[in-house]
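Read the structure below first, then the notes.
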Amino acid sequence: MTEPHDAATSTAEDTRFQKTLTRVLIVQVVALALLGALQALYNR
Amino acid sequence: MHPINWAIVVAYLTYVVVDGIRKSKGTDTIAGYFAANKSLSWWVVGLSVMATQLSAVTMIGTTGQGATDGLRFVQIYFGLPLAMVILGVTIVPMLHGSGVFTAYEYLEQRFDAKTRSFTAFLFLISRGMSVGTIMAAPGVVFSAVFGIPLVWAVTLIGVPTVIYTMVGGVQAVAWADVKQMVLIVVALFAIMAVLLVQMPVSPHDALTIAGSTGRLQTFDFSFSFNETYTFWSGLLGGTFLMLSYFGTDQSQVQRYLAARSVGEARSSLLMSAYWKIPLQALVLLVGVGVFVYYQFVTPPLLFNPAHEEAVVAERGAAYQALQDEYASAFTLRESAALEVASAADGGADAAMETFLARESDMQAIRGEALAMAEEVTGEASRDVNYIIPRFVLSELPIGLAGLFIAGVIAAAMSSISSELNSLATTSVIDFYRRWVRPDADDAHYLRVSRGATALWGVFACIVAVYAATLGSLIEVVNRFGSFFYGSILGVFLLAMIPRARANGAFTGLIVGMAVVGWVNFQTGVAYLWQNVIGAAVVLAVGMAVSVGDRRQPEPRS
């Protein structure tokens with residue numbers, strides 16, 4: 001059986017993981033948008 | 001090289017060895033030596049993971065690729081963030097929680113000894129070869145810079161790395177990686193800053209010139225199994241490559257097995273998910289910047305100084321004639337480049353057409369020089385690997401050249417050390433302790449591990465001396481990996497399916513490798529797709545055999 005403090009730790013870790021995932025997604029979108037903008041503006 | 005540059009390189013080498021040895025505290029047990037007693041923070045592991053993947057091949061081969069081919073190589077990493085997220089919820093908790101030292105050890109817990117030994121053996125072959133190619137990259141730089149034989153250059157870089165890896169184990173390797181990663185990033189930003197300052201045209205004009213030659217094309221949405229760098233091969237094939245590399249390759253798995261907890265191990269992988277694409281884009285942009293810079297400063301006809309010397313000695317007159325032609329073509333191209341930069345919207349197309357024609361003239365002359373070099377030396381020229389080293393040494397200010405060379409060495413060491421460490425770990429844990437001496441004490445295993453590290457170091461040096469002539473270094477490293485990666489990933493995916501059995505996993509692995517071998521030699525399918533094919537075949541065959549084989553017991557958990 002899961003101990004109460006283990007469950008709490010697990011939930012806290014899951015929340016942190018999800019927050020980090022959101023940030024990862026934002027950074028990737030920004031990076032790809034910048035690269036896309038370079039291509040759209042300058043590449044022939 | 002200027003004494004100040006030398007001083008920077010020597011100071012770095014001394015520091016990294018001394019600091020590595022200092023970090024050997026607590027490594028008198030195998031848990032300390034191979035897993036740092038599971039004591040490392042997420043950011044230490046995260047930087048170590050990134051430093052391990054970012055090798056000198058990246059600093060030399062990838063920047064060179066940026067100069068000749070532009071940004072499209074970055075597409076290979078499009079699958080990385082996704083792969084890291086998948087690993088964070090699958091393989092990382094599975095391996096971290098199972099108390100193993102190697103990923104292959106887990107396969108015996110789940111399947112059987114032969115599956116473990118075979119995958120470990122494949123790792124030793126592929127990594128043993130690739131660590132040599134990774135070592136060859138700084139060997140090339142040193143050889144070109146100091147005019148010394150490649151074998152000496154390889155020894156210079158290999159010996160300090162072997163020393164701190166041998167003494168300090170994974171802890172020394174991880175902490176050295178942290179400092180090396182910082183140095184690498186500083187060196188990359190510094191070279192970018194210098195390029196921006198020394199560029200004779202504005203950043204907007206520099207981008208216009210780079211864009212006119214197609215070097216700013218990041219995205220290629222065409223779908224082809226034969227094209228390596230497209231959006232789809234990067235996203236799908238790249239995801240499988242990264243899943244295999246970060247999920248089943250001991251050189252990476254060992255980093256996060258040393259993390260304090262599953263949560264910290266996950267966070268360490270997400271650090272790569274954050275930064276890999278931006279960092280790789282920076283590396284390629286440095287190469288693109290060097291390409292634009294050489295529109296206004298005459299580039300060498302041959303970047304490889306050794307080849308240049310050989311051609312001058314044997315065909316001096318013919319080479320001189322080519323050089324004169326090259327100089328005239330350069331003057332014309334420079335004017336055309338300036339026209340492109342200053343052209344108003346109306347005349348931009350005409351100016352660009354002229355520029356591209358002049359650029360093509362220069363490439364034709366360079367092609368003749370490269371062919372001449374290949375005839376004279378009897379070697380493939382691979383000039384792309386010499387572009388950045390030559391630029392750094394002739395164009396960067398004193399101090400900065402030393403910093404960049406130290407950065408290249410750091411990138412090499414951080415990868416080589418992790419790989420030597422993981423090769424030694426696999427040799428000792430999966431073979432020596434499993435099959436030769438299962439009951440020895442920790443002191444004995446530590447002695448054997450240090451000996452194994454030294455032996456792998458020597459082996460890597462030997463491979464390195466021959467790897468430089470094999471092809472564009474970056475391609476070579478990825479090819480070695482791809483041949484086995486997809487199939488090994490398939491076995492780990494099977495391990496997550498309760499119905500999968502040992503015989504299924506082993507048969508699937510053999511069939512998967514055979515199919516990838518056939519695809520590699522008999523078809524034009526690009527290597528990124530081979531990872532997908534390997535994993536899919538292992539899964540399909542493995543499950544078919546497992547379902548058909550009812551005699552086997554339930555898997556051990």
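For clarity, every value in this text was computed on a predicted model and none was experimentally measured.
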What part of Leu207(B) gets within 4.5 angstrom of chain A, counting heavy atoms only: side chain, backbone, both, or neither?
both
Residue among Leu38(A), Leu35(A), Thr20(A) with most heavy-atom pairs under 4.5 Å to chain B:
Leu35(A)
Mark yes or no for whether Gln217(B), through its side chain, and Asn43(A), through its backbone, hold a donor-acceptor pair below 3.5 Å.
no
What part of Leu34(A) lies closer than 4.5 angstrom to a heavy atom of chain B: side chain, backbone, both or neither?
neither
Out of Pro278(B), Gly70(B), Gly88(B), Gly263(B), return the one with the most heavy atom pairs under 4.5 angstrom to chain A.
Gly263(B)
Measuring from Met352(B):CE to Thr213(B):OG1, what's the distance to the nearest 0.5 Å?
9.5 Å
Considering only NZ, NE, NH1 and NH2 on the basic side and carboxylate oxygens on the acidic side, decide whether Arg72(B) and Glu227(B) come within less than 4.0 Å.
yes
My understanding is that only one of Arg260(B), His96(B), Glu264(B) makes a side-chain contact (heavy atoms from CB on, under 4.5 Å) with Lys38(B); could you say which?
His96(B)
side-chain hydrogen bond (donor to acceptor under 3.5 Å, both in side chains) for Asp205(B) and Thr208(B)? Distances and angles first, verdict last.
CA-CA 5 Å; Asp205(B) 293 341; Thr208(B) 305; 4.7 Å; no
Applying a strict 4.5 Å limit to non-hydrogen atoms, the region of Ala273(B) in contact with chain A is both
